[in-house]
Protein chains: 2
Amino acid sequence: MTPAVSCASAAPRRRRKDARPSELLAAALELFVEKGFAATRLTDVAAHAGVAKATLYLYFDSKEALFRAVVAQGIVPLFAAAQSELGDYSGSASDLLVELLTRWQREVGATPLAGLYKLIIAEANNFPELVQYYHDEVIVRGRAMLADVLRRGMASGEFREIDVDATIDVVIAPLLSLIVWRFSLHRCGAGVDPGLLLQTHFDLLLHGLCVQRRTP
Amino acid sequence: MTPAVSCASAAPRRRRKDARPSELLAAALELFVEKGFAATRLTDVAAHAGVAKATLYLYFDSKEALFRAVVAQGIVPLFAAAQSELGDYSGSASDLLVELLTRWQREVGATPLAGLYKLIIAEANNFPELVQYYHDEVIVRGRAMLADVLRRGMASGEFREIDVDATIDVVIAPLLSLIVWRFSLHRCGAGVDPGLLLQTHFDLLLHGLCVQRRTP
DNA sequence: AATATTAATGACCGAAAGGTCAGTAATGTA
DNA sequence: TACATTACTGACCTTTCGGTCATTAATATT
């Protein structure tokens, strides 16, 4: 017999074979980012996706497989973002650099996808091959783009000649800090204004902190 | 009877009541930082400290209590570092800033203690009150020191007048990136040279990336 | 050397969570 | 409406791991 009066939350069972995987991945990403891999219960992931735990196993072989799928699928857009063409940009290298980082912040840094960074950092030693994957597909490509911009600026005489790799680290560090803040420290204190931080970062990066003028 | 021939690894049992806690804390810090809280087995922690799991419970009430003790004890030196007096420094604000960050990198950033940062980031949502603790005792104090230096520089006309809080974020971001690299991404690629990174950071921070001179 | 104290441990317990499966019910087809 | 297909699930199994305790043995005391 059907449950008497269908006690309020008796959501009818639905069959949506193709919507499940992405919904499960989204739920898993959210919980993995929030709690970490080991502390996340598959029951919670399933519940978050409006489904029973057993259903999860129709689409993923194991908890580890789910985790890998989350990372792999999450990396695709990052990969795409890192592939975006610089093309024939006509402005200055400074403008290009600012444009690039601003766009990244808007299209990646400010989305749920940025949580992947925290997740990979946190689970790095438990899933070394995923870190390698992330490194090769995202970090290397992203850095290559920035290196290109920096070299353009140096070649045109707009930028000073300094170590490119180290500069890249300095350039992206505040963006990564922003992610950490968003996903880990967001409850403390007055928080950070991403816009102001980026603006200040660009200002300092391009012009420096000191007042005194410099000789070309 | 004593075990026959004491099969090679029969380390004799030792009673060292006062050495155990610190050894257990050190082992726990290492494993928590490497694997995270949930993925760390107490058996492994105990083994790392050369002791049986049950012994761990002579000194700590639970896994959570051990974790809190690790954080609390680890924070003490950080707290102390953040308390270190700027005193009557006679050099320029630039020199003071560089000195401060360099010392921090040497005395904290390059030690096992820096792992606490990764750990707190990773477990932030599972232990909110520890994040608050870390925030109040370490972050706030550290930022206060940097704010002091920056305001000195602005007051003396050495630094430009810019947002202090945002600048602090930019100033410390590369140091935090270095920690992340050390504890999470260290296997990938060619790695980062901390010295070169800091040097480049200071150079960019104080003088900027662009060649063109600026009007005072 | 004999005894007392207590640090240390191996063996065990119970709960929790990953994983499985026989059965249920939603949908398509005739 | 009747039937077939299969997405979905509740209930169950099994292992792992946090936590406990009776027992052992290292040190102090006499």
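Just so it is clear: chains get the letters A, B, ... in the order the sequence lines come, proteins before strands, and each one is counted from 1.
Here ring-ring contact (aromatic ring centres under 6.0 Å, His included) pairs that include residues 184-206 of chain B, with residues two or more places apart or in two chains, number zero. Listed by first and then second residue, the ring-ring contact (aromatic ring centres under 6.0 Å, His included) pairs involving residues 100-128 of chain A are A:F37-A:F127, A:F67-A:F127 (not counting sequence neighbours). Applying the side-chain hydrogen bond (donor to acceptor under 3.5 Å, both in side chains) rule to pairs touching residues 166-181 of chain B yields B:R143-B:D169, sequence neighbours excluded. Applying the salt bridge (charged side-chain N to carboxylate O under 4.0 Å, His left out) test to pairs two or more places apart or on separate chains, none has a residue in residues 174-195 of chain B. For residues 28-54 of chain A, no pair satisfies salt bridge (charged side-chain N to carboxylate O under 4.0 Å, His left out), with sequence neighbours left out.
B:E137 is linked by a salt bridge (Lys or Arg N to Asp or Glu O under 4.0 Å) to B:R141, counting only residues two or more places apart in sequence or in another chain. Annotation: salt bridge (Lys or Arg N to Asp or Glu O under 4.0 Å) contacts of B:R68 (sequence neighbours excluded): B:E64, B:E129. Residues meeting the side-chain hydrogen bond (donor to acceptor under 3.5 Å, both in side chains) test with B:D95, sequence neighbours left out: B:S92.
Contacts between residues 20-43 of chain A and DNA chain C, defined by a heavy-atom separation under 4.0 Å, are made by A:T40, A:R41, A:L42. Sorted by residue number, the members of residues 49-63 of chain B with any non-hydrogen atom under 4.0 Å from DNA chain C read B:V51, B:A52, B:A54, B:T55, B:L58, B:Y59.
Counted within 6.0 Å of CZ on A:R151, heavy atoms from surrounding residues, nucleotides or ligands total 12 or fewer; the atom is thus considered open.
Using a 3.5 Å distance cut-off with no hydrogens or angles, the side chains of B:Q199 and B:D203 do not pair a donor with an acceptor.
Here the side chain of A:N125 pairs a donor or acceptor atom with the backbone of B:F183 at under 3.5 angstrom. For B:S184 (side chain) and A:A124 (main-chain N/O), no donor-acceptor pair under 3.5 Å exists by modelled atom type.
Overall bending of the helix from C:dA1-D:dT30 to C:dA30-D:dT1, expressed as the angle between end axes built from five pairs apiece, is 10° (10° steps).
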Protein N or O to nucleotides 26-30 of chain C N or O, pairs below 3.5 Å:
residue : atom : partner : partner atom : Å
C:dA26  : N3   : A:R15   : NH1          : 2.4

